[in-house]
Each structure stands twice: as structure tokens, then as C-alpha cells.
Participant: 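Before we start, here is the structure in question, set down as C-alpha cells.
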Number of protein chains: 2
Amino acid sequence: MFKEKGYAATSMRGLASEVGIEAASLYNHIKSKHDILQEVCFEIAGHFLMNLEEPYDQNLSATERLKIAIENHLHVIIDNIDAAAVFFNEWRHLENEQLQIFKKMRGDYENHFLEILKAGQKSGEFRKVNEKLIALTLFNSMNWIYQRYQPKGKWDSKKIANELAELFITGIKNKN
Amino acid sequence: MFKEKGYAATSMRGLASEVGIEAASLYNHIKSKHDILQEVCFEIAGHFLMNLEEPYDQNLSATERLKIAIENHLHVIIDNIDAAAVFFNEWRHLENEQLQIFKKMRGDYENHFLEILKAGQKSGEFRKVNEKLIALTLFNSMNWIYQRYQPKGKWDSKKIANELAELFITGIKNKN
DNA sequence: CCTACCGATCGGTAGG
DNA sequence: CCTACCGATCGGTAGG
């Protein structure tokens, strides 16, 4: 419901009737409406950040690391498609410290892409680009997929990852 | 306020106090809260669609047409940055026919990118790609820019357009 | 898990 | 443009 109507437009009574109980009964399972949003957002944030913590083989090229980062990112979205939608659209309804923590996590995550781009330019694999612009473009170009991906549809998550990785890597490769 | 808090979480009283009047007085200028959303969404939709209606030189290559489409699209967003944010985030609060019209317009617009990709593959300018996936990726990879673009910041709208166009066109060009 | 209820706030209208 | 107000609905609590 958060995905379809948005956090603010979803009522506790609406959530309750979806589960078949009264609104008051929800409070035996959760502390508040905000609590649900927090749990969803930070659960997904945790999935994304886990991808960063995996130690990577130092021998991997920036190209290979970028490909893995794209694959991992897409898999988190596709494996948690409804929660990912809430994560991307409703995070701004987080409050105070939660919002700060969220923004910090997102920044750290974006920096991962930035660092790979820098490494690739340094090694000569990638051409000279506006790293920040391209890192944000790359990041955001994957984040719409929850809107269109259908679990039983004709798109396969591995094919999507391969196609997007090829698009971007070809797009920033040094020509030669 | 729709941009920062979202449509549902923005109250008429909040809007009114931002303008320095009482909530009731707003209704001398607008019909309803929904009306404001509609006007914002369809104003931007109109800007996007105007880009499609411009007749294009039949001699232009798909590559050149794609570049122009990217430039036009980014300019609409950058020239209407707050309204564009509402357009992208709040359209789902449109109702009934308005929502149907909106989705149809968006579909038509996405098809424009799709057609350029198809034309480029036919002419041999572009390699074989999953056109629909790449068209949606291209479309969505530009739509985050309102989140980060600062009118007085260091990014220039033409530089952004050039850099993104180069990224994508290089990414789908035939190798030779 | 429920009924019953709280104060607050919502979009909007009447009437001036 | 305002005051005054409408019915509806909100998130949440008390008490069982």
C-alpha cells in the first residue's frame, strides 16, 4: 500500500483492513506508522550496504568491479521489489535522525560507484568523465526497474544486469 | 511543498500560510487541491510533448535525433525544476481520467525514444539492444537530475546534456 | 484481538 | 480576502 498510494496517503485503518483486523489491533505488532516505514527503508538499505562490505578480489579490474556492483544492485531491487519501491519513493517521510542516517547511507553507497569510476580512469580502462555526474546517472538508471519489472514477465534479472552493464561499460570505456 | 513533503502530506492550510493567507482564501484561486496537482503535472507533460511535435529534419541520423531528444528532455526538467519533481513523484495521486491521460502521454513519450533506438538499429548506427529496456533506462537515467541540479551550482545544463548523450550514444554505437 | 473513544487535523463551504 | 464552521478521517490509546 505504501508503494501504490504512498506513505502519507495510506491509513492505519487501510492497512488493518488489508490484513483483516481492526486498526487498533495493529499496535500489538508495531509501535507506530512511522515504525513500519523505518523498518522497510532500513531493511533495504541493509541489503544494499551488504554488497559493499563483501571484500573484493584485489586483482579485479574496475570494469569487472563495476559489472558486479550493477548486478548486485539490480538483484537487491528485483528480490525486494515492493520494499524497494517504498525505499526509493517514501524515504523522505523518515524523520530527524532516521532521515540523517538514511542520507548518510545513501551517500556512502553512491561513493562506491564513484570510487570504481575513479579507479577505472586511473587505470586507463575508462575515459575521462565527470565522475560524479556519471556515478549518479548510473545509480539512478537502475532504480526505476521496480516500476516495470514483472516477476513472471519476459525480462530476466540476469539479462537486465548484463544489458545495463554493457551499456554503461561500453559508454565509458576508453576507445582502443 | 508538494516537492518537499509530497502531495498527500501537504495541507491546504500549509500552502495558504506559505502564501500568507487563510486556507479558505485559496479557493478563490483554485478549485481544489487536486486541481493544483493536475495543473502542475499537465503543464510539465505539455512541455515534454512539445518536444515531440517539432518536425525534425528527415536527413538527421538517429544518433543526432537521440542527442536532440536528450538535450530537450533535460532542458524541460532543468527549466522547471520544482514542477518536474512534482511531475515525477506525485503523478500517482492523479485520479481517474486524469491518471489515464497521464499514463498515455508518458507512454507516447517513451515511445519516441523507442522509435529512435529502432531507427538507429535499422540504419546500423546502433548495435542490437533490447530496445524497450534501453529506452526506459535512458528515459529514467535523466529523470533524477532535478534532485541534484542546483541552478547556481557548478553543473551547466548543456554540459550535462552533452555528457549524458555521449555516455548513451557511445554505449549503443556499433563498434567499428 | 476487539469496542469505544480521544484530540487533532483534513479538504472544503457558507456567508459576508 | 476573512471568520466560522461542516462532516470525515487521521494516528493512536484505554481497557478488556
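To find a chain, count down the sequence lines: A is the first, B the second, and so on, and within it residues start at 1. Just so you know, these numbers come straight off a predicted model, no measurement behind them.
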Participant: Tell me: CG of A:L26 to P of C:dC1, nearest whole Å?
Facilitator: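 Result: 9 Å.
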Participant: Please output the side-chain donor-acceptor pairs of residues 77-85 of chain B that fall under 3.5 Å, not counting sequence neighbours, one pair per line with the distance.
Facilitator:
from, atom 1, to, atom 2, distance (Å)
B:N80, ND2, B:V76, O, 2.8
B:D82, OD1, B:K3, NZ, 3.0

Participant: Could you list the residues that satisfy side chain to side chain donor-acceptor pair (under 3.5 Å) with B:R92, not counting sequence neighbours?
Facilitator: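 For B:R92 the side chain to side chain donor-acceptor pair (under 3.5 Å) partners, ignoring immediate neighbours, are A:E90.
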Participant: Mind calculating the distance between CE (B:M1) and C1' (C:dG11) to the nearest angstrom?
Facilitator: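 The distance from CE of B:M1 to C1' of C:dG11 comes to 14 Å, rounded to the nearest Å.
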Participant: Apply ring-ring contact (aromatic ring centres under 6.0 Å, His included) to B:F42 and list each qualifying residue two or more places apart in sequence or on a separate chain.
Facilitator: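 Expected list: none.
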Participant: Quick one: which protein N/O atoms are closer than 3.5 Å to N/O atoms of nucleotides 12-16 of chain C? Pair and distance per line, please.
Facilitator:
from, atom 1, to, atom 2, distance (Å)
C:dG12, OP2, B:Y27, OH, 2.8
C:dG12, OP2, B:K33, N, 2.9
C:dG12, O5', B:Y27, OH, 3.4
C:dG12, O6, B:R13, NH2, 3.4

Participant: Can you list the residues that meet the ring-ring contact (aromatic ring centres under 6.0 Å, His included) rule with A:F87, with sequence neighbours excluded?
Facilitator: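 Partners of A:F87 by the ring-ring contact (aromatic ring centres under 6.0 Å, His included) criterion, ordered by chain and then number, come out as A:F48, A:F102.
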Participant: Sequence neighbours left out, what passes side-chain contact (heavy atoms from CB on, under 4.5 Å) with B:Q100? Give chain and number order.
Facilitator: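 For B:Q100, no residue satisfies side-chain contact (heavy atoms from CB on, under 4.5 Å) once neighbours in sequence are set aside.
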Participant: Within the structure shown, what part of the strands sits under 4.0 Å from B:S11 by heavy-atom distance: base, sugar-phosphate, or nothing?
Facilitator: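 Sugar-phosphate, backbone atoms only, no base.
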Participant: Checking A:H93 now: which residues fulfil ring-ring contact (aromatic ring centres under 6.0 Å, His included) with it, not counting sequence neighbours?
Facilitator: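 With sequence neighbours excluded, A:H93 shows a ring-ring contact (aromatic ring centres under 6.0 Å, His included) to A:Y7, given in chain and number order.
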Participant: With sequence neighbours left out, what residues match B:S11 under side-chain contact (heavy atoms from CB on, under 4.5 Å)?
Facilitator: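 Scan of B:S11 (side-chain contact (heavy atoms from CB on, under 4.5 Å), adjacent residues dropped) gives B:R13.
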Participant: List in numerical order all residues of residues 90-101 of chain B for which some heavy atom is under 4.0 Å away from an atom belonging to DNA chain C.
Facilitator: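 Per residue number, the list is empty: none.
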Participant: Under 6.0 Å from the six-membered ring centre of A:W155 and within 45° of its axis: does the NZ or CZ of A:R148 meet both?
Facilitator: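 Negative - A:R148 is either too far from the ring of A:W155 or too far off its axis.
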Participant: Which pairs would a plain distance check flag for residues 129-136 of chain B, meaning a side-chain donor or acceptor within less than 3.5 Å of a matching protein atom at least two apart in sequence or in another chain?
Facilitator:
from, atom 1, to, atom 2, distance (Å)
B:N130, OD1, B:K132, N, 3.4
B:N130, OD1, B:L133, N, 3.3
B:E131, OE2, B:Q121, NE2, 3.4

Participant: CG of B:L15 versus C1' of C:dG11: gap in Å, rounded?
Facilitator: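 To the nearest whole Å, that distance equals 11 Å.
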Participant: For DNA chain C, produce a single dot-bracket line, 5' to 3'. Pairs: Watson-Crick or G-U wobble, both distances under 3.5 Å. Symbols: ( ) within strand, [ ] crossing, | other strand, . unpaired.
Facilitator: ||||||||||||||||
Participant: Suppose we screen for side-chain contact (heavy atoms from CB on, under 4.5 Å). Which residues come up paired with B:D108, at least two apart in sequence or across chains?
Facilitator: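 So B:D108 forms a side-chain contact (heavy atoms from CB on, under 4.5 Å) with B:K104.
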